[in-house]
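First the structure, in the form of structure tokens, and then the observations on it.
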Amino acid sequence: MPAPLLAIESSPVLPSAADVVVIGGGIAGVSAAYYLARRGVSVALVEKGRIGAEQSSRNWGWCRQQNRDVRELPLATRSLELWDRLAGEIGADLGFSRCGLLYLSDDEAEIARWAAWRDMARHHGVTTHILDAAEAAERGRATGKAWKGGVFSPSDGIADPSRAAPIIARGVMAAGGTVHQMCAARGLELAGGRIAGVVTEKGTIRTATVVHAGGAWTSSFCRQVGIDFPQASVRSSILAVAPVDATLPDALHTARVSVTRRGSGGWTLAVSGKARVDPTLQQLRFARQFVPMFLGRWRSLAVGGLEGLRGGHETLARWALDRPTPMEANRILDPKPDRGQIEVTRRRAGILLPALADAPVTAAWAGYIDSTPDGVAAIGGYDRLPGFILASGLSGHGFGVGPGIGHLVADLITGATPIVDPAPYDPRRLDASVWGRVAQF
């Protein structure tokens with residue numbers, strides 16, 4: 001039972017040339033293509049599988065400022081403003097609403113950390129309400145239990161992962177761009193040290209500018225063009241249950257389980273941070289860079305199995321441009337979910353919200369969450385390959401900030417004033433150590 005996803009039609013003809021080619025049809029890629037097309041830039045988006053079929057449809061759907069790392073906070077705020085406008089611009093519902101996010105806890109140290117974050121965030125114009133025990137019990141009344149405290153972030157919200165990326169891709173086409181599914185980008189053609197084209201399985205598109213938003217596949221692609229992009233992925237397993245006849249919070253987080261209303265009326269259930277690390281050669285290659293992150297998060301992670309090797313996304317192989325690549329061998333990363341974790345998650349959700357205890361499971365899936373060593377997205381270019389721009393390494397935070405990432409990419413390409421300061425996301429920062437700079441939220 002894979003993650004639900006809206007299917008869309010592709011553009012009928014692959015262009016022979018474009019001002020910009022975007023590789024990858026997740027939330028970052030479609031958003032970049034969308035904001036470029038709206039500015040009159042000729043843009044072609046190529047996706048090896050289906051639009052939004054990997055992590056962009058396999059996440060919770062949260063669009064949050066709450067508990068963001070300070071480097072990501074401006075991008076999160078501006079992204080919410082863009083989410084507000086997208087449905088009206090495109091003329092279709094992405095399932096976005098500023099329903100507010102509710103956090104509940106019985107851990108006084110955790111509540112104190114949330115309060116400290118609130119004190120920092122208020123300087124960035126973010127409103128967060130720290131809840132005392134009585135307020136937490138009232139907002140969390142569906143749990144039927146007392147809480148020591150919590151947080152409510154009223155301006156945050158959720159969108160529908162099954163619809164968002166496909167609907168934005170339709171917006172790309174409506175604005176004059178083209179979208180090509182089942183069309184893997186095999187590599188780049190270079191001339192004089194600069195990009196001259198993108199070689200796809202369906203033909204070459206002449207271009208001088210490429211945006212790579214390939215998610216978990218980014219590092220293996222970068223390796224083909226001589227760029228070392230440190231990236232590691234973990235396999236996260238979540239599930240969805242059918243609608244129930246009860247009034248529940250739209251988005252609720254606790255340390256044991258988190259619950260989110262889906263656009264279908266059902267609910268997504270997950271345990272924050274819980275994941276499997278499936279060993280691959282790429283992970284071994286970049287292990288030293290990820291030591292700081294894993295030291296801080298090892299309690300949430302467990303050793304996985306062979307799913308990473310079977311996926312092929314973290315291969316160290318080099319491939320030719322005139323024959324099928326690993327992307328064509330595995331169009332959509334659809335790893336096996338951790339059945340033990342699925343059962344734990346379902347049981348915890350039923351305890352937290354008794355109304356969900358007997359709700360039928362409608363889907364269960366896993367997805368690969370790709371991360372940079374410091375847990376902050378990589379957005380920007382490299383001096384060694386002019387015209388090549390990354391929008392990847394979203395580190396489990398990418399769905400909510402996807403529109404902002406796309407807008408920033410469009411700003412960088414067109415020379416417009418950036419929507420946020422791009423410096424914190426510059427991928428060249430990863431050439432140095434990240435000790436002391438790993439995202440804490």
Side-chain angles (χ1 to χ4, degrees), residues 1-9 25-27 30 49-64 80 83-84 86-88 90-102 142-143 156-171 181 236-254 257-272 332-335 337 339 341-343 345-350 352-367 369 396 398-400 402-403:
M1 296 181 289
L5 180 64
L6 175 68
I8 66 169
E9 296 295 322
I27 193 70
V30 296
R50 292 175 59 197
I51 295 295
E54 294 189 339
Q55 194 55 28
S56 290
S57 61
R58 296 165 187 258
N59 60 84
W60 303 5
W62 284 33
C63 304
R64 65 180 172 89
L80 281 164
W83 279 110
D84 279 330
L86 277 168
I90 298 172
D93 181 19
L94 289 79
F96 175 73
S97 67
R98 292 203 188 222
C99 58
L101 306 181
L102 176 62
T143 67
D156 289 346
I158 57 175
D160 188 345
S162 72
R163 293 178 56 82
I167 292 295
I168 297 172
R170 284 180 176 169
Q181 300 173 100
S236 175
S237 300
I238 62 179
L239 70 151
V241 296
V244 295
D245 185 17
T247 301
L248 306 178
D250 287 330
L252 169 61
H253 167 77
T254 71
V257 69
S258 297
V259 177
T260 310
R261 177 177 52 81
R262 295 186 64 82
S264 63
W267 302 88
T268 297
L269 315 179
V271 177
S272 180
I332 296 171
L333 279 177
D334 188 25
R339 289 295 170 186
Q341 184 60 48
I342 294 295
E343 289 305 315
T345 303
R346 185 183 185 191
R347 183 170 64 251
R348 289 183 180 183
L352 176 70
L353 297 167
L356 295 178
D358 297 321
V361 174
T362 58
W365 63 86
I369 299 173
F399 182 77

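Between atom OG of residue S272 and atom CD1 of residue I238 there is a gap of 11.5 Å, rounded to the nearest 0.5 Å. Between atom CZ of residue R170 and atom CD1 of residue I90 there is a gap of 10.5 Å, rounded to the nearest 0.5 Å. Note: E54 CD to I27 CD1 = 14.0 Å, rounded to the nearest 0.5 Å. To the nearest 0.5 Å, atoms CG (D160) and OG (S57) are separated by 10.0 Å. The line from CG of L5 to OG of S56 is 9.5 Å long, rounded to the nearest 0.5 Å.
The shortest side-chain heavy-atom distance between W267 and R262 does not fall under the 4.5 Å cut-off. Using a 4.5 Å heavy-atom threshold, the side chains of L248 and V259 count as separate. Looking only at side-chain heavy atoms (C-beta outward), L101 and I158 come within less than 4.5 Å of each other.
Residue A364 comes nearest to P337 through the heavy atom pair O-CG, 4.3 Å, listed as atom of the first residue, atom of the second, then distance. The two residues D250 and C99 come nearest to each other via the heavy atoms OD2-CB, 3.3 Å. Pairing each heavy atom of P249 with each of L252, the nearest pair is CB-CB, 4.1 Å. Contact record, S237 with Q341: O-CG, 4.4 Å, taken as the closest heavy-atom pair. Taking each heavy atom of A359 and A242 in turn, the nearest pair found is CB-O, 4.0 Å. Looking at every heavy atom in both residues, P354 comes nearest to T143 through CD-O, 4.2 Å.
Not one N or O on the side chain of R58 forms a donor-acceptor pair closer than 3.5 Å with the backbone of P161. A donor-acceptor pair is defined here as one N or O able to donate and one able to accept, closer than 3.5 Å; such a pair exists between the side chain of Q181 and the backbone of I8. Panel note: side chain T345, backbone L269; no donor-acceptor pair is recorded below 3.5 Å. No side-chain donor-acceptor contact under 3.5 Å links W83 to the backbone of P403. With hydrogens and angles ignored, the 3.5 Å screen pairs no side-chain donor or acceptor of T268 with any backbone N or O of W60.
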Checking side-chain contact (heavy atoms from CB on, under 4.5 Å) for the pair W62/T260: CA distance, chi angles, key distance, verdict?
-> CA-CA 8 Å; W62 284 33; T260 310; 2.7 Å; yes

Can you list the steps and then say if T254 with R348 is a side-chain contact (heavy atoms from CB on, under 4.5 Å)? CA-CA 10 Å; T254 71; R348 289 183 180 183; over 6 Å; no

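When each of V30, I168, I167, L6 is checked for a side chain to side chain contact (heavy atoms under 4.5 Å, CB included) with I51, only V30 meets the rule.
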